[in-house]
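Comments concern the structure below.
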Amino acid sequence: ENTENQDIIAEPVEPDSFYNPPPNIDLTLAAIEFRGAQRLDDFALLSAINLRPNSAINNAIIRSAIKSVYQTGYVEDVAVDIIDHQDGTGTLTFIIKEKPAIQSFVIKGNKKISEDTLNEVITIEALDIYNESTIQQNIQAMRDKYIDKGYYLVEITPILVDVGNDLVDLTFDIKEKKRVSIQSLEITGTKDIPAKKLKRYMQTKEAGILSFMGKSGSYNEAILQSDL
C-alpha cells in the first residue's frame, strides 16, 4: 500500500464556474494553509471559508469554500492543493492571487462640492486592496453629497491605472452636470385651502431667478416626502 502523501491539484476557477476535482474526496481536515496572500491575513480568509481543522471536507465543501474566498471581493484568482495523508485526513491549501492595492486616490472634476467635503465620506486608505463593493459604497456616499444639493444627474466613474508591483492609482472622475430644479409646483385636490397658501408652509420651493445662488428651488426627494 502506498503511504506517501498525494497531491491533488484543482485548477484555478472563476467564481461562477464549476469546481471539478478528482472524484471521491472525503477527508477530515488536518490543516488549512494559505499561500500567495500579501495583504490579506489568514484570519480574514479563515473567517470567509468557515472551515477549521477536523472539519469534514468533500467536493461540495471545497467548491463552497472557493466561492467564499472570491466573495470577499479582494481576490482575483484561487486554486486549491489537497494533500491526502492516506490516513483519512488531508491538508487543504488555498493558493491566492490578490487584487492590486490602491497606492493613492484623487478626486477630479468636482467644482460644486469641495474636495474636503467629499473626503469626509471616503473610507478608502492607501494600500487598501481594491474591492469593487467598497468602491461603489464610496461613490454612493459622494453621490449623496451631490444629491443633497440637487445634483441628481452627477456621474462618478472610478478609473484605475496600473503602476506596477500589484499597485494601482485610483481616480474618481466626477461629471457634475446641471442641478435638478423645480420650475413649477402644482397642488391639486385642495378645496378649502388655496394652493398658494399651502406652498408657504412647504420646504419644497419653485426655482426663482436667483435660485442658482442657493438650494432654493432644488429638487430634494427627502424634503418633498416630508412636505407630503
Side-chain angles (χ1 to χ4, degrees), residues 12-17 34 36-51 63-79 94-181 203-204 215 218-226:
V13 294
E14 295 300 325
D16 296 324
S17 66
F34 298 95
Q38 299 178 32
R39 297 179 177 87
L40 281 173
D41 59 43
D42 288 0
F43 179 78
L45 292 167
L46 275 171
S47 298
I49 63 174
N50 197 29
L51 286 176
R63 184 187 300 114
S64 176
I66 290 173
K67 290 186 176 181
S68 294
V69 172
Y70 273 112
Q71 287 169 357
T72 64
Y74 298 110
V75 172
E76 196 168 275
D77 201 0
V78 184
F94 291 84
I95 303 161
I96 306 293
K97 178 174 174 53
E98 293 174 334
K99 291 182 180 178
I102 298 170
Q103 177 176 257
S104 63
F105 73 86
V106 296
I107 300 171
K108 174 185 174 184
N110 58 303
K111 297 178 181 178
K112 305 300 183 183
I113 298 181
S114 71
E115 186 171 333
D116 287 343
T117 299
L118 294 175
N119 275 324
E120 289 176 1
V121 298
I122 292 179
T123 61
I124 297 168
E125 297 181 359
L127 299 184
D128 281 353
I129 301 173
Y130 180 83
N131 184 301
E132 180 64 28
S133 177
T134 302
I135 296 297
Q136 292 304 318
Q137 289 170 11
N138 279 262
I139 287 174
Q140 186 58 53
M142 287 188 283
R143 286 196 79 253
D144 289 343
K145 288 288 186 181
Y146 275 97
I147 287 171
D148 185 55
K149 292 184 176 294
Y151 292 93
Y152 279 79
L153 303 179
V154 64
E155 295 179 0
I156 305 176
T157 304
I159 299 174
L160 295 175
V161 177
D162 187 342
V163 295
N165 296 319
D166 290 324
L167 295 170
V168 292
D169 284 338
L170 170 63
T171 298
F172 290 109
D173 187 33
I174 299 177
K175 292 181 173 57
E176 294 176 328
K177 300 190 176 182
K178 292 183 178 181
R179 184 163 58 183
V180 176
S181 59
Q203 297 182 73
T204 303
K215 294 169 65 175
S218 296
Y219 175 74
N220 186 304
E221 186 173 356
I223 291 176
L224 181 60
Q225 288 299 321
S226 70

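Only heavy atoms go into these numbers, but all of them, side chains included; no hydrogens, no water, no symmetry mates.
Between V78 and I96, some side-chain heavy-atom pair lies under the 4.5 Å cut-off. At a threshold of 4.5 Å between non-hydrogen side-chain atoms, the residues L127 and L167 count as touching.
Note that CG of D162 is 10.5 Å distant from CD of Q103, once rounded to the nearest 0.5 Å. Interatomic distance, CG of D148 versus OG1 of T117, reported as 11.0 Å (0.5 Å rounding). Between the CD1 atom of I107 and the CD1 atom of I113 there is a distance of 10.0 Å, given to the nearest 0.5 Å.
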Determine, stepwise, if the pair E132 / Q136 fulfils side chain to side chain donor-acceptor pair (under 3.5 Å). CA-CA 6 Å; E132 180 64 28; Q136 292 304 318; 2.8 Å; yes
**OP:** Carefully, step by step, assess I122 and F105 under the rule side-chain contact (heavy atoms from CB on, under 4.5 Å).
**Re:** CA-CA 10 Å; I122 292 179; F105 73 86; 3.7 Å; yes
Steps toward side-chain contact (heavy atoms from CB on, under 4.5 Å) verdict (E115, N110) = CA-CA 7 Å; E115 186 171 333; N110 58 303; 4.0 Å; yes
(Q) I'd like to know whether V168 forms a side-chain contact (heavy atoms from CB on, under 4.5 Å) with I102, so could you lay out the CA-CA distance, the side-chain angles of the two residues, the decisive distance to 0.1 Å, and finally the verdict. (A) CA-CA 5 Å; V168 292; I102 298 170; 4.3 Å; yes
Carefully, step by step, assess K178 and L153 under the rule side-chain contact (heavy atoms from CB on, under 4.5 Å). CA-CA 7 Å; K178 292 183 178 181; L153 303 179; 5.6 Å; no
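When every heavy atom of A44 is checked against every heavy atom of D41, the shortest pair comes out as N-OD1, 2.7 Å. Residue D77 comes nearest to V75 through the heavy atom pair O-CG1, 3.2 Å, listed as atom of the first residue, atom of the second, then distance. Between Q38 and D166, the closest heavy-atom pair is NE2-OD2, 3.7 Å. Summarising the geometry of I49 relative to S68, their closest heavy-atom pair is CA-CB, 4.2 Å, with the distance given to 0.1 Å.
The number of heavy-atom neighbours closer than 6.0 Å to CZ of F94, taken from other residues, nucleotides and ligands shown, is above 12. Within a 6.0 Å sphere centred on CG of N165, other residues, nucleotides and ligands contribute 12 heavy atoms or fewer.
Under the 3.5 Å distance criterion, the side-chain polar atoms of R179 are left unmatched by any main-chain donor or acceptor of Y152. The backbone N or O of I129 lies less than 3.5 Å from no partner atom in the side chain of E98, so there is not a single donor-acceptor pair. Of the possible donor and acceptor atoms, none in the side chain of K99 sits under 3.5 Å from a partner among the backbone N and O of N131.
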Show which side-chain atoms of residues 170-177 pair as donor or acceptor with protein atoms under 3.5 Å away, not counting sequence neighbours.
from : atom 1 : to   : atom 2 : distance (Å)
D173 : OD2    : K175 : NZ     : 3.2
E176 : OE1    : K111 : N      : 3.3
E176 : OE1    : K112 : N      : 3.3
E176 : OE2    : K111 : N      : 2.6
E176 : OE2    : K112 : N      : 2.8
E176 : OE2    : Y146 : OH     : 2.6
K177 : NZ     : E155 : OE2    : 2.7

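Counting only residues at least two apart or in different chains, side chain to side chain donor-acceptor pair (under 3.5 Å) contacts with residues 118-129 comprise T123-N138.
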